[in-house]
Colleague: 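Below is a structure I'd like to ask you about.
Start at 1 and go down the list; that is how both ligands and their atoms are numbered. Note: hydrogens, waters and symmetry copies are ignored here, and every other heavy atom, side chains too, is used.
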Amino acid sequence: MKILIKSSLNLTLKTDCLVVAIKPAKKLGTQQGELNSATGGLINRLQDGDQFSADKSEIIAAPAPEGIGAKRLLLLGVGADKKLDAESIKDVTSKLAKHLSGTGIRDVTFELNALIAKSDVETVVRHLVESIGDTEYKYIMQPKSARGAKASKEIKLTISCADRAQANAAKKAASVGQAISNGKTLAKDLGNMPGNVCTPTYLANQAKKMAKSHGLKVKILNEKEMGELGMGSLLSVSKGSREPAKLIVMEYKGAKNKKEAPHALVGKGLTFDAGGISLKPSPKMDEMKYDMCGAASVFGAILAAAELELPINVVAVVPSSENLPDGIANKPGDVVTSMSGQTIEILNTDAEGRLILCDALTYTERFKPQSVIDIATLTGAVIVALGHQTAGVMGNDQELVDDILSAGETSLDHAWQLPIKETYKKQLKSDFADLANIGGPSAGTITAACFLSYFTEKFRWAHLDIAGTAWGGSAGKLASGRAVPILTQYLMDRC
Ligand code: BES
Ligand code: MN
Ligand code: ZN
């Protein structure tokens, strides 16, 4: 998408489509007044008539009259509320984005007029850009037949503002929207790729590419190096697979002080999870190619942070492996020793995410991070609890959890807190090791987080379970690009 910001409305500007936001109120802003006169009172007539009531997300197309540079007008209802809540704004922008792709309009000018409250400008622009990014997303490896016939041209979006101040706000918001959108696109592409393409080695190569394109520092640890560090838990999972496991470390240093403590993002990178010897049932097993969406979110968020040149340091740690049944795969009852020294009895080989994350979390200690967030498609139970709308968040530091919840509200990539309490930790007792890797049938999302909490005592930590939100929601079978927005917002809020 190409974005241009103008600081005033020029009615003779050549554009395929001029979008004007309209409220049901009769009084028009100055620019709309001009447009209204230029169109012989068209807007007033539409407002008066029963064809268009300017309700939220209502869209009406009209041919543009002579003397106006636009080929057509698109009137976009934004409802009567003085200040719009972000959720309604997102509704309006995604409706508009769908209209543009449905009609094939590629060159569009959005008039940000006085009817949009000053405080709403940033939200509108950011979500407009993000909505267009979502609607226009095409999976790079999808066959032509599934993509629809017309290979669509890139959208050119011009945002015409009321004045210079509005233009500055719009410019900032557009770059945020664009960076998040680019991060989401990367996360979606990685997620949508099949397990035979997107392997741990593929993810490692992706990191190397980003080192070159975005100046990140990248280090890839192979199995031998992980063995030397004592990552017995992580390596027990990859033992059953022929694809070598990788521990991918990416560093973005945007802070003035390169030694400033970083924020750490740790992403579960199971490029395929068959369950191992505790084999999953066949229906929907294909969806377990998405078990690296935590990793994909981390790739997307660090890309967005680099594009926005955020003045902070970020370190990404991605443990990546497959989980397959094999003659030497983990067996129920096996006991392994994690890098932390704690021993783990593997009662279910399908609870593998926590087995690779725990060693990655211990490894993260060496960066002395300000905060650590792990992101993982960790439990089916979170889908039962929160559906495909909301991610589960838990942690050992309420302030950090609150920061994440607030980032979810701003970015509209929502999360909801579940409790980590001592009483749940009892469920992880093992007769044969320090910890069991499962906590029984109840509170599965919480006991998974409790397990991780034994490996995060040295820092402020929170865990995001995105098993419900990373795919399968409004994005259908495709990956959604979540949690890129909430993570990027969290990082932006630290600046
Ligand atoms: N990757 C799965 C979690 C998952 C399941 C995500 C379904 C999305 C949809 C994870 O590795 C897993 O298998 N978890 C088990 C844990 C159980 C064995 C304690 C689960 O949720 O069933
Ligand atoms: Mn599993
Ligand atoms: Zn898994």
Side-chain angles (χ1 to χ4, degrees), residues 191 195 198 200 203 233-234 236-238 240-241 243 245 266-297 318-326 329-334 344-358 360 374-392 394 418 424-425 427-430 435-452 463-473 475 477-480 482-483:
C198 184
L203 286 179
S233 182
L234 190 160
S236 79
V237 175
S238 71
S241 153
E243 289 291 338
V266 180
K268 172 177 172 183
L270 255 298
T271 58
F272 191 76
D273 174 17
I277 296 300
S278 313
L279 191 63
K280 286 182 182 294
S282 315
K284 288 197 177 180
M285 204 209 262
D286 58 297
E287 293 185 5
M288 282 301 117
K289 70 173 182 179
Y290 289 127
D291 213 17
M292 35 56 71
C293 283
S297 301
V318 171
S320 185
S321 170
E322 290 182 327
N323 184 28
L324 295 174
D326 185 77
N330 274 333
K331 301 173 291 298
D334 283 3
I344 303 162
E345 186 188 12
I346 301 171
L347 289 172
N348 189 319
T349 67
D350 197 12
E352 84 299 335
R354 60 199 81 180
L355 294 176
I356 68 165
L357 282 170
C358 69
D374 80 77
I375 307 93
T377 49
L378 206 60
T379 64
V382 80
I383 313 175
V384 178
L386 299 169
H388 294 291
Q389 291 88 339
T390 311
M394 288 141 277
L418 298 172
Y424 295 103
K425 293 193 181 173
Q427 290 176 227
L428 295 170
K429 276 217 171 97
S430 156
L435 285 169
N437 80 326
I438 53 167
S442 56
T445 303
I446 295 171
T447 54
C450 285
F451 179 91
L452 297 177
H463 157 66
L464 259 184
D465 194 331
I466 59 165
T469 55
W471 78 96
K477 254 278 195 191
L478 293 176
S480 66
R482 290 173 75 178

Colleague: Taking the basic N atoms (NZ, or NE/NH1/NH2) and the acidic carboxylate oxygens, is any pair closer than 4.0 Å for Lys268 and Asp374?
Modeller: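 Here Lys268 does not pair with Asp374 in a salt bridge, since their nearest N and O are not under 4.0 Å apart.
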
Colleague: Among the N, O or S atoms of Glu352, which one sits nearest to the Mn ion (ligand 2)?
Modeller: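 Nearest to the Mn ion (ligand 2) within Glu352's N, O and S set: OE1.
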
Colleague: Which residue and atom name correspond to the protein heavy atom nearest atom 4 (C) of ligand 1, and how close is it?
Modeller: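 Answer for atom 4 (C) of ligand 1: Gly380 N, 3.8 Å.
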
Colleague: Heavy-atom distances under 4.0 Å are what count here, so tell me which part of Phe451 touches ligand 1: side chain, backbone, both or neither.
Modeller: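 It is neither; nothing of Phe451 touches ligand 1.
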
Colleague: For ligand 1, is any non-hydrogen atom under 4.0 Å from Met285's backbone (N, CA, C, O), its side chain (CB onward), both, or neither?
Modeller: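 Answer for Met285: neither.
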
Colleague: Is the shortest heavy-atom distance from the side chain of Asp291 to the side chain of Glu352 under 4.5 Å?
Modeller: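 Counting from C-beta outward, Asp291 and Glu352 do come under 4.5 Å.
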
Colleague: Checking side-chain polar atoms at under 3.5 Å, does Asn330 have a donor or acceptor matched by the opposite partner on Thr349?
Modeller: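 Side chains of Asn330 and Thr349: no pair found under 3.5 Å.
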
Colleague: Considering only the protein, which heavy-atom contact is closest to atom 8 (C) of ligand 1, and what is its distance?
Modeller: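 Checking every protein heavy atom, the shortest distance to atom 8 (C) of ligand 1 gives Trp471 CH2, 3.4 Å.
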
Colleague: Look up atom OG1 in Thr469 and atom CG in Leu464, then write down how far apart they are to the nearest 0.5 Å.
Modeller: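 One gets 8.0 Å once the value is rounded to the nearest 0.5 Å.
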
Colleague: Please determine whether side chain to side chain contact (heavy atoms under 4.5 Å, CB included) holds for the pair Ile438 and Gln427, giving the CA-CA distance in whole Å, both sets of side-chain angles, and the decisive distance to 0.1 Å.
Modeller: CA-CA 8 Å; Ile438 53 167; Gln427 290 176 227; over 6 Å; no

Colleague: Using the Zn ion (ligand 3) as the apex, give the angle to atoms NZ (Lys268) and OE2 (Glu352), rounded to 10 degrees.
Modeller: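 Angle NZ(Lys268)-the Zn ion (ligand 3)-OE2(Glu352): 90°, rounded to 10°.
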
Colleague: Hey, does Glu287 sit under 4.0 Å from ligand 1 if you only count heavy atoms?
Modeller: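 Glu287: no contact with ligand 1 (<4.0 Å).
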
Colleague: Counting heavy atoms only, which part of Leu378 comes closer than 4.0 Å to ligand 1: side chain, backbone, both or neither?
Modeller: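 Only the backbone of Leu378 comes within reach of ligand 1.
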
Colleague: Short check: any N/O/S atom of Asp350 below 2.8 Å from the Zn ion (ligand 3)?
Modeller: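 Not a single backbone or side-chain N, O or S atom of Asp350 is under 2.8 Å from the Zn ion (ligand 3).
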
Colleague: Check the pair Val318, Val266 against side chain to side chain contact (heavy atoms under 4.5 Å, CB included), reporting the backbone distance first and the verdict last.
Modeller: CA-CA 6 Å; Val318 171; Val266 180; over 6 Å; no

Colleague: Would one find an N or O of Ile383, backbone or side chain, under 3.5 Å from an N or O of ligand 1?
Modeller: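 No.
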
Colleague: Residue-level breakdown please: for Met288 versus ligand 1, do any non-hydrogen atoms fall below 4.0 Å on the side chain, on the backbone, on both, or on neither?
Modeller: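 Answer for Met288: side chain.
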
Colleague: The Mn ion (ligand 2) is nearest to which N, O or S atom of Asp273?
Modeller: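 Looking only at N, O and S atoms of Asp273, the one nearest the Mn ion (ligand 2) is named OD2.
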
Colleague: Regarding Gly353, does it place an N, O or S atom less than 2.8 Å from the Zn ion (ligand 3)?
Modeller: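 Checking Gly353: none of its N, O or S atoms is under 2.8 Å.
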
Colleague: How wide is the angle at the Zn ion (ligand 3) between OD2 of Asp291 and OD2 of Asp273, to the nearest 10°?
Modeller: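 Value, to the nearest 10 degrees: 90°.
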
Colleague: Between Asp350 and ligand 1, which part of the residue brings a heavy atom under 4.0 Å of the ligand: side chain, backbone, both or neither?
Modeller: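 Near ligand 1, Asp350 shows its backbone as well as its side chain.
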
Colleague: Going by distance only, is there an N or O of Glu352 that falls short of 3.5 Å from an N or O of ligand 1?
Modeller: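 Yes.
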
Colleague: Heavy-atom distance from atom 13 (O) of ligand 1 to the protein below 4.0 Å?
Modeller: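 There is a protein heavy atom less than 4.0 Å from atom 13 (O) of ligand 1.
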
